[in-house]
Amino acid sequence: MNRILLPALLILTACGTPQENCIHAANRDARVVDQLIAETEANLARGYAVETVVKLKQDWVDCTRLPTEEKPNPKPKMCLEDVPFEVTQPVALDLNAERAKLTSLRQQQARQYAQSQTMVAQCQAQFPE
């Protein structure tokens with residue numbers, strides 16, 4: 001699904017005005033901090049973290065050779081191969097350290113907000129609409 005969303009997002013970003021693109025860039029770090037705060041709050045609410053791990057499983061896949069001049073219609077062939085898949089698993093964490101991280105992130109969020117407001121004002125001055 002991310003493979004579809006990323007190109008669409010890039011197309012939409014390319015369609016923005018210079019001011020919109022500048023403001024989007026100015027708020028990038030603030031959005032990252034906001035996401036980290038949401039993740040940390042969710043970890044505290046659950047009491048543990050969740051991580052995504054890539055594992056392998058064997059599955060049958062089509063490994064038919066590509067057509068060539070000698071063999072324009074190759075015989076279909078299936079092979080057993082390792083196929084990656086994602087699973088989520090709980091991870092223990094130090095709740096006190098997670099609370100301290102949340103406090104630090106909220107302080108960073110306040111700094112980022114002030115900085116992004118300044119940068120947005122500069123974008124609006126540089127690229128008036």
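The CD atom of Gln19 sits 10.0 Å away from the CG atom of Asn21 when rounded to the nearest 0.5 Å. Distance CZ/Arg99 to CG/Asp94: 9.0 Å, rounded to 0.5 Å. Here Asp34 contributes atom CG and Gln108 contributes atom CD; the two are 11.0 Å apart, rounded to the nearest 0.5 Å.
A donor atom on one side chain and an acceptor atom on the other are not found under 3.5 Å apart for Gln109 and Arg106.
Grouped with Phe127 in a hydrophobic cluster is no other residue, since no side-chain heavy-atom contact under 4.5 Å to another Ile, Leu, Val, Met, Phe, Trp or Tyr is found. Grouped with Leu66 in a hydrophobic cluster is no other residue, since no side-chain heavy-atom contact under 4.5 Å to another Ile, Leu, Val, Met, Phe, Trp or Tyr is found. Taking Ile, Leu, Val, Met, Phe, Trp and Tyr as members and joining any whose side-chain heavy atoms lie under 4.5 Å apart, directly or through other members, the hydrophobic cluster of Ile37 also contains Val32, Val33, Leu36, Leu44, Leu93, Leu95, Leu102, Leu105.
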N/O donor to acceptor pairs below 3.5 angstrom from side-chain atoms of residues 52-63, sequence neighbours left out:
unit_1, atom_1, unit_2, atom_2, d
Asp62, OD1, Thr64, N, 3.0
Asp62, OD1, Thr64, OG1, 2.5

Could you give the side-chain donor-acceptor pairs of residues 78-90 under 3.5 Å, partners two or more places apart or in another chain?
unit_1, atom_1, unit_2, atom_2, d
Gln89, NE2, Glu51, OE2, 3.2

Determine all donor-acceptor pairs shorter than 3.5 Å in which one atom belongs to a side chain in residues 117-125; sequence neighbours excluded.
unit_1, atom_1, unit_2, atom_2, d
Gln117, NE2, Tyr113, OH, 3.4
Thr118, OG1, Ala114, O, 3.2

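The minimum heavy-atom distance linking Pro74 with Lys71 is given by the pair CD-O, 3.6 Å.
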message: I'd like to know whether Gln112 forms a side chain to side chain contact (heavy atoms under 4.5 Å, CB included) with Arg31, so could you lay out the CA-CA distance, the side-chain angles of the two residues, the decisive distance to 0.1 Å, and finally the verdict.
response: CA-CA 9 Å; Gln112 284 298 142; Arg31 285 191 306 275; over 6 Å; no
